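Note that the coordinates shown come from a computational prediction; the quantities given were computed from them, not determined experimentally. Indexing begins at 1, ligand by ligand and atom by atom, following the structure's order.
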Amino acid sequence: MQPAPPFTVSMAAKIYTDKDANLSSIKRKKLAVIGFGSQGHAHALNLKDSGCDVVIGLYAKSKSREVAQKLGFEVMDTAEAVAAADVIFVAVPDTVIPSVYEKDIAPNLTKGKCLLFSHGFAIHFGTIEVPEDVDVIMVAPKGPGHTVRSQFVEKKGVPTLIAIHQDATGKAHKIALGWAKGIGGTRAGVFETNFREETVTDLFGEQVVLCGGASALVKAGFETLVEAGYQPEMAYFECLHELKLIVDLMVESGIAGMRFSISETAEYGDVTVGPKIIDASVKKRMQKQLKAIEDGKFAKEWTEEYNNGCKNFNAIRREEAKHPIEKVGTKLRGMMSWLGGAKKVGKGQSQASYVSGSK
Ligand SMILES: NC(=O)C1=CN([C@@H]2O[C@H](COP(=O)(O)OP(=O)(O)OC[C@H]3O[C@@H](n4cnc5c(N)ncnc54)[C@H](OP(=O)(O)O)[C@@H]3O)[C@@H](O)[C@H]2O)C=CC1
Ligand SMILES: CC[C@](O)(C(C)=O)C(=O)O
């Protein structure tokens, strides 16, 4: 028998829904979205559809200028957009924030403006320093930007975190709630946190479970089956494709609900074999990584890698792209047009080019 965890839980976060928020805190303001990538395009489009006045700030050679203009936005140079706006969403990559902040944002950040982030990296790890007379807030959807947009279009929403780092105007909280409502977050629930908690838990989730942990688990399972002589198609379905279907059940009705839908044979294997694979040694490594996130070691490593031109990161990216699971997956997804067919995505293209209707 698997031992029960050595803790019990009681719900702790303050939660807001549609009825607790209104758009009046952002409706009479000029909102600038700096960057038109995954999060930027989604917030901008959702806020525009919610009746807000949104401009986009981009650098001169941005590949997303044309996409944003086609979608009906006024596009300005970043500095100009910051100067024109009351609320400024910094939607550029975390590693790029310091240079954009120093060159284009800080010189135009006058008293009473509001700086908004979707992740706390820059503020929590101190890669930028913001004057005390501006609001600094966070509205962080717990999902990829493309999902923030697609859910909104389907009249749904993505659970969203809000946090207040500085409240210079006394209105920071209302602005955060209004923005969260404008992007559809209050439809699913908005949860109060702080910059430290969001930053640490977000980095932990993406490294250990959601992206890093899940892709390593999928590849290890796929390799084990293929190396033992099983057909790659079988390995792909068992280790990647069906994972989504199982996780969908967990999201809909919990681990218990997923176990209700699977066969009894699967459930017996789940509870007796799973803990032998993901065992206590894995949890020890998770705890070690949590420490590296908390004490800033990961942030330092990533910032240095970025500042050195991402040589190591890009080499790993090239190797990862060559993994046989990508070849098999491209072929099999090509047979399922509703999954986007054999859609190829890559870092050289505008993230916003996948907005429905923009291509
Ligand atoms: N991706 C996600 O779903 C999530 C992201 N976040 C956070 O959201 C923020 C944005 O990340 P993400 O959406 O992934 O970013 P992306 O990489 O998808 O997009 C970044 C955007 O910034 C633009 N950009 C790059 N340099 C500059 C510059 N100097 N001036 C103006 N614009 C610039 C890019 O231009 P171009 O289009 O030309 O490349 C692009 O439009 C980060 O803080 C991230 O941690 C939080 C939750 C989830
Ligand atoms: C899981 C990755 C994520 O944290 C997210 C979509 O929430 C990110 O930063 O992209």
Among [options], which one has a heavy atom closest to [atom]?
atom                    : options                      : value
atom 8 (C) of ligand 2  : Glu206, Gln207, His119       : Glu206
atom 5 (C) of ligand 2  : Ser38, Ser118, Gly143        : Gly143
atom 21 (C) of ligand 1 : Gly40, Ser118, Ala91, Ala122 : Ala91

Is it the case that ligand 1 has an N or O less than 3.5 angstrom from some N or O of [X]?
X     : result
Ile34 : no
Lys63 : yes
Gly57 : no

Salt bridge or not for [X] and [Y], using N-O below 4.0 Å?
X      : Y      : answer
Asp135 : Lys171 : no
Asp18  : Lys181 : yes
Glu223 : Lys219 : no
Lys142 : Asp202 : yes
Arg149 : Asp49  : yes

Quick one: which ligand 2 atoms are inside 4.0 Å of a heavy atom on Pro144?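 Per the distance check, 6 (C).
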Looking only at atom types and distance, does a side-chain atom of Asn314 sit under 3.5 Å from a main-chain N or O of Cys310, one as donor and one as acceptor? yes
Would Pro93 count as a contact residue for ligand 1, given that I'm defining contact as a non-hydrogen atom of the residue lying under 4.0 Å from a ligand atom?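 Under 4.0 Å: yes for Pro93.
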Atoms in ligand 1 flagged as close to [X], the criterion being non-hydrogen separation under 4.0 Å:
X      : answer
Thr78  : 30 (N), 31 (C)
Asp94  : 42 (C), 43 (O), 44 (C), 45 (O)
Val100 : 28 (C), 29 (N), 30 (N)
Val96  : 26 (N)
Ser62  : 35 (O), 36 (P), 37 (O), 38 (O)
Phe36  : 21 (C), 40 (C), 41 (O)

Please indicate whether any nitrogen or oxygen in Lys142 is less than 3.5 Å from any nitrogen or oxygen in ligand 2.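 Lys142 vs ligand 2: no N/O contact under 3.5 Å.
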Please tell me if atom 10 (O) of ligand 2 is touched by the protein, where touching means a protein heavy-atom distance below 4.0 Å. no
Hey, can you tell me if Phe89 and Trp179 have their rings parallel, tilted or perpendicular (30° and 60° cut-offs)? perpendicular
Lys/Arg cation over aromatic Phe191: Lys14, 6.0 Å, 45° cone: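 No - Lys14 does not lie over the ring of Phe191 by the 6.0 Å and 45° rule.
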Taking the six-membered ring of Tyr236, is the NZ or CZ of Arg333 close enough (under 6.0 Å from the centre) and on axis enough (within 45°)? no
Compute the ring centroids of Phe117 and His124, then answer whether they are less than 6.0 Å apart. no
